[in-house]
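Residue numbering restarts at 1 for every chain, and letters A, B, ... go by the order of the sequence lines. Not measured: the values here are computed from a predicted model.
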Amino acid sequence: MTASNISPLKGLEGGDSSRAIGNVLRVPVASQELASQKQVPLSADKIIEAKNVSKWYGTFRALTNVNLTVRKGERIVICGPSGSGKSTLIRCFNRLEAHQEGEITVNGIRLHNKMRNVTEVRKNVGMVFQHFNLFPHMTVLMNCMAGPMWIKGVPEAEAKKIALKFLERVHIPEQANKYPVQLSGGQQQRVAIARSLCMEPAVMLFDEPTSALDPEMVSEVLETMTSLAREGMTMVCVSHEMGFARAVADRVIFMDWGQIVEEGKPNDFFTNPQHERTKLFLSQILSH
Amino acid sequence: MLYQDTVESEVLVHKPWFVASTFAIVLAVFLMPDLASTTLGDIMRPVIGDPLQSGFYGRVVLAFVIAVMFCVNIVLIGFAPLKAQIGIVWVELLLLSLAFFKVFNLNMPFIWENLPYLITQGLVTTVYISAVSLICASLVAIIAAVAKLSGNGFAYAIASFYTSFFRGLPLLIQVYLIYLGLPQLGIVLSAVPAGILALSLCYGAYMAEVFRAGIQSIDRGQWEASRAIGFGFGLTMRKIILPQALPVVIPPTGNMFISILKDSSLVSVLGVWELTFVSRTIGQPTFRYMEMLITAAVIYWVISACLEVAQSRLERHYARSKVR
């Protein structure tokens, strides 16, 4: 199928559009009402600030002059075709990847090659991976306790309390003493979310958290993320769950070829995309 | 376990062609040696007459009897359940090897008389040398493995030179080099420390490669998750990577441990009173080499078997986070 013979806005035109999007929503309709009701003021603290960020893998340019500011309480969803640099971008935010040009500041700390306090940054930036990456040799409880105990020096009893609190928060306290392999994919991902929350981060990064899950498990993870968002957690989420984006995002960002092509409020983004690439992309992911 | 298909295949040892060809092979093999003068020949006296006079006829009959017994045996074992099969075959092989030792006409009282000394002096020294070398070798190996994986060119160069050098020289030459060569530098080691040093360095080099492979087998995502939480290199290594690499390296490391135990016998060239040296020394004056060597062999085997059991216990222990 070539790009030219796709109707760019199939299922997105006029009054049909909301229904078309409604079809792919996996978030309860009621919660959609909450979508970006309260505006994050421009005066809010900047948690992440990326200025003119560029990154190369050898000679391949993965990111090109990316500018992005994430303020406290903001919920941002990044989408785009595979290989467009979305994951690379958020992995730069906790320095899992190094950028070569431009400036990234997280929580007031500038990220660069010779930084000595990268742990200070990572303590405050939670990350949830596509493939969960739970520690298979530790119980669920220990997965959650490890961070507070070994990084923050929290005593064991208290770390356990924290871990149980957040496992409760993701609705699986009863699995605490199991090993990750004994859980379903959705449960594992919720544990991964709890593990990050235990560090009480200032911002959570989600790297395609639902794309490795069986379809029936996507909603339980999305529900967890939605309720997190509603509690005011600052989130940057790489995801193709457009229903989720519509329900919780303050801003939706579309990336392609390592650049931010378009960004906007979810309503504008979905009903009235500006760029051809965005239209094509939306028609492709919404048309099936 | 290999992958077991859900469809049961026909038992191989019950297939006529397999039994027939096994019969032919065993018959051919046992036609070669002259078994007339053995106990078996004596037992068959009613059929073949005087074993020593039986000639070609006797040979064929003996080989035929052995082939029939062998085939009946494997067909019967084929009917037993798995566990019983393993047990029966073990017992049979054990009996056969005992029969082999019996051929030497060993002087049992001589063995029982010297066994206590063989154990208190020889075995104790062997176990002591192996255990110390084993611990040192593991430490050296972990450091070398991490150095080889690190981005530090200096560390990599030293570690790779070390593994190349000590894997490339025969252990016997290393033992001599360390015992006779180091004094040239003014470092005089007595025999036991020299032996321990040689064993540790040699096996450290082998195990470095095993540990490196183990560390590399851990998914990149584990590093990423660990670093993303904020763990530094040391914490990631100690708490996340090595505990997961450990179960992977247990089988090859078990090999290394058994190998160290046996190769500690090379230290006997330095005159250390370990098991091999003691057994040779006791056997020498009375020319009862075989008694002592076979006793030493059995002792080595028993200790190795203990290590094997320990290995399988450990494997089972670490399998627990993998079960579904």
Interface residues of residues 191-214 of chain A facing chain B - heavy atom cut-off under 4.5 Å: A:Arg195, A:Met199

Pair A:Ser227-A:Arg169, side chain to side chain donor-acceptor pair (under 3.5 Å): steps then yes or no: CA-CA 10 Å; A:Ser227 71; A:Arg169 177 79 193 62; 3.2 Å; yes

Heavy-atom closest pair, residues B:Tyr156 and B:Lys148: CD1-O, 3.1 Å

Aromatic ring pairing B:Tyr206/B:Tyr203, orientation class (parallel under 30°, perpendicular over 60°, tilted between): tilted

Proximity breakdown for A:Phe135 and chain B, heavy-atom pairs closer than 4.5 Å: both

Distance-minimising heavy-atom pair for A:Phe129 and B:Ala225: CE1-CA, 3.6 Å

B:Phe154, CZ atom: more than 12 neighbouring heavy atoms under 6.0 Å: no

Region of B:Leu235 that comes under 4.5 Å of a non-hydrogen atom in chain A: side chain

For B:Met237 against B:Pro243, the heavy-atom pair lying closest together: O-CD, 3.8 Å

A:Lys161, NZ: over 12 other non-hydrogen atoms inside 6.0 angstrom: no

Greatest number of heavy atom pairs closer than 4.5 Å to chain B - which of A:Leu134, A:Val118, A:Asn124: A:Leu134

Among A:Gly126, A:Pro180, A:Ala146, residue most engaged with chain B (heavy-atom pairs, under 4.5 Å): A:Ala146

